Amino acid sequence: MLDSRIIMVNTSKKPRFRFAPSPTGYLHVGGARTALYNYLLARQLGGDFILRIEDTDLERSTPESIQAILDSMKWLKMEWDEGPYFQTKRFDLYNQYIDQLIKEKKAYPCFCTSQELEAKRALAQKEKRKPMYDRTCYKLSTSDVEKKISSGEKHCIRFHSHDEGSIIINDLVKGRVEIAEKELDDLIIRRTDGSPTYNFTVVIDDMTMGITHVIRGDDHLNNTPRQMQLYQAFGATPPQFAHLPLILGTDKKRLSKRHGATSVMAYYEMGYLPDALINYLARIGWAYKDQEVFTRQDLIEKFSIESVSKAAGVFNPEKLLWLNGLYIRESKPEDLAKLLPHYLEKRGIISNDTSLFVELVKISQEKSKTLEEMADLVDFAFKETRPDEALQNKFLGKENKPHLKLVYDRLEKLENFDIAGITNVFTTLVQETGLKLGQIAQPVRVALSGKNISPGIYEIIRILGKKTCLARISKYLE
RNA sequence: GCUCCCAUCGUCUAACGGUUAGGACGCGGCCCUCUCAAGGCCGUAGUACGGGUUCGAUUCCCGUUGGGAGCGCCA
């Protein structure tokens, strides 16, 4: 028996994958994962990765959404080999194929109005039937049809579906799925306004673009049988399908704005690294043994569609945060230094001191799970922050002033203002006074950074330099 | 309502008839420590339920329950 969950690679044909989002909103993480799996397989098999914008919904498609999709793909470094294609630029092509179906009597005009159809649907619901078009217009005589058309009556075009037999999908993820053709009604392929509909354009595009593998969300699984009928109508071999389970929110409901950030670019703004997001997304619904961390090359080599889970997965922001922290820790300081300015600018800090950025990254990367956190940790180097009242009371009150003064005096006298010298100031102070290091360091930390959470205090002092340190500390001595 | 899909710790998952059901996030404890992190060690928790098949079921089959998707002149 042939295992339906084996990816077939016809050596005579180059594998071609596509990602086909509709530009009706920002690219969300679920879509990004779909894109990723396509991208990974294309790279693994030496095939093509095609980007196609499915913008046939003229009402809801926007240029902003198109831009957001492109930006997201670029940020995630999923380079496409062809496209972006736009379906709105291919209407002539779709119309040729629709006309062909009409000529072959595989499609027919339908004069039913939306109101009439709505009424039929409502009735079906009421009678607990599955709402399906009743073929009123298919039953029209040829002369009636001609009469209506010549009198200019508005109509759409429906594909005439088969009623007997069944469609079998050998899905790479779901396995064998069978559906009776009588469950399928005559779908509209051309709207009254002349524009083609999704289930039709997707087939024409995949067919004419030579797509060999269609990997998409499993919300499309129910559409697949009717698409298969279309392939049959054109005598074409359908591509292999793989339907991915959805990504859900914490409450197991379909991911939406309620669940916090869902758009890819929101993660950029929150200070996530693209490779961390990619790594995390790959692991929702897919695993390779016990491995958690994958470089892009790992992913390309190890990903396999057959081991994608059939069940929906919950998006877990905590795990993504952990992964991001790990990626930040393991990144080269020079690389992070290039990314940091964007997050500093959001805090009103403008600088191009690259070597300072590198230094700041080095002292904060182990403490940062996001670049936003990192920016918060290192802003002391650019601006003086007044600690809030609670912090002042706790660390800069009367009992702390003598300690601060001690540090001030020693730093003032310090000749070699380097890490060794600075460390020595504190350690000798601890020895001489019998105070805990924390008792001395905390007030200094708050005075210099305005916060009780910061990089190492010695590093802060060194980076700030003697003059700035003394100026900031002196404000709390009176 | 009808059709289709799905079901292992709270979450992501490993197991492809025989394991003390493994790993990771999170959570708890201890160690380390100038704060916060990081790191180290230990711990916590799962096969939805009921029938079969089998010497043996997380694994195969059926049903129940629960979740999801579709049933648009949206994609």
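Chain letters run A, B, ... following the sequence lines, proteins first and then strands; every chain starts at 1. Everything numeric here is computed off the predicted structure, so don't read it as measured data. Computed over heavy atoms, backbone and side chain alike; hydrogens, waters and symmetry mates excluded.
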Check: B:G23 base within 3.5 Å donor-acceptor of A:E292 side chain
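Yes.
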Categorize [X] for me: base, sugar-phosphate, or nothing, with a 4.0 angstrom heavy-atom threshold over every strand shown.
| X | value |
| --- | --- |
| A:R190 | nothing |
| A:I188 | base |
| A:H220 | base |
| A:D185 | nothing |
| A:G217 | nothing |
| A:S195 | nothing |

Nearest 0.5 Å, please: how far is CE in A:M73 from CG in A:L51?
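So the CG of A:L51 and the CE of A:M73 are separated by 5.5 Å.
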A:Y476 side, atom OH; A:N400 side, atom CG - distance, nearest 0.5 Å
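Taking OH in A:Y476 and CG in A:N400, the distance rounds to 12.5 Å.
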Selection from [options] that lies nearest to any side-chain heavy atom of [X]:
| X | options | value |
| --- | --- | --- |
| A:K319 | B:C5, B:A69, B:G23 | B:G23 |
| A:A311 | B:C12, B:A7, B:C5 | B:A7 |
| A:D57 | B:C5, B:C12, B:C74 | B:C74 |

Footprint string (nucleotides 31-41 of chain B, 5' to 3'): B base within contact, S backbone only, - free, heavy atoms under 4.0 Å:
---BBBBSS--
Please confirm whether the shortest side-chain N or O distance from A:R121 to OP1 or OP2 of B:G72 is below 4.0 Å.
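Looking at the OP1 and OP2 atoms of B:G72, one of them is under 4.0 Å from a side-chain N or O of A:R121.
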Looking only at side-chain N and O atoms, does A:R191 come under 4.0 Å of OP1 or OP2 in B:A75?
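Answer is yes, contact under 4.0 Å.
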I need the full list of ring pair (Phe, Tyr, Trp, His ring centres under 6.0 Å) pairs touching residues 169-189 of chain A, with sequence neighbours left out, sorted by first then second residue.
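Not a single pair qualifies under ring pair (Phe, Tyr, Trp, His ring centres under 6.0 Å).
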What pairs meet the side chain to side chain donor-acceptor pair (under 3.5 Å) rule with one or both residues in residues 359-371 of chain A, with sequence neighbours excluded?
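The answer is A:E359-A:R462.
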Which pairs count as side chain to side chain donor-acceptor pair (under 3.5 Å) when at least one residue sits in residues 437-457 of chain A, sequence neighbours excluded?
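Every side chain to side chain donor-acceptor pair (under 3.5 Å) pair that includes a residue of residues 437-457 of chain A, provided the two are not neighbours, is A:D379-A:K451, A:Q442-A:R445, A:R445-A:S454.
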Which residue, A:F111, A:Y133, A:F159, A:Y108, forms the ring pair (Phe, Tyr, Trp, His ring centres under 6.0 Å) with A:Y138?
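Option passing the ring pair (Phe, Tyr, Trp, His ring centres under 6.0 Å) with A:Y138: A:Y108.
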Check the distance between B:C71's P and A:K120's NZ and give it to me in whole angstrom.
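Result: 18 Å.
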Under 3.5 Å, which protein N or O atoms sit close to an N or O of nucleotides 47-49 of chain B? Give each pair with its distance.
none

All N/O contacts under 3.5 Å from nucleotides 1-3 of chain B to the protein, with atom names and distances to one decimal?
{"unit_1": "B:G1", "atom_1": "O2'", "unit_2": "A:K128", "atom_2": "O", "d": "2.5"}

Integer angstrom distance from the C1' of B:A24 to that of B:U8:
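Their C1' atoms lie roughly 15 Å apart.
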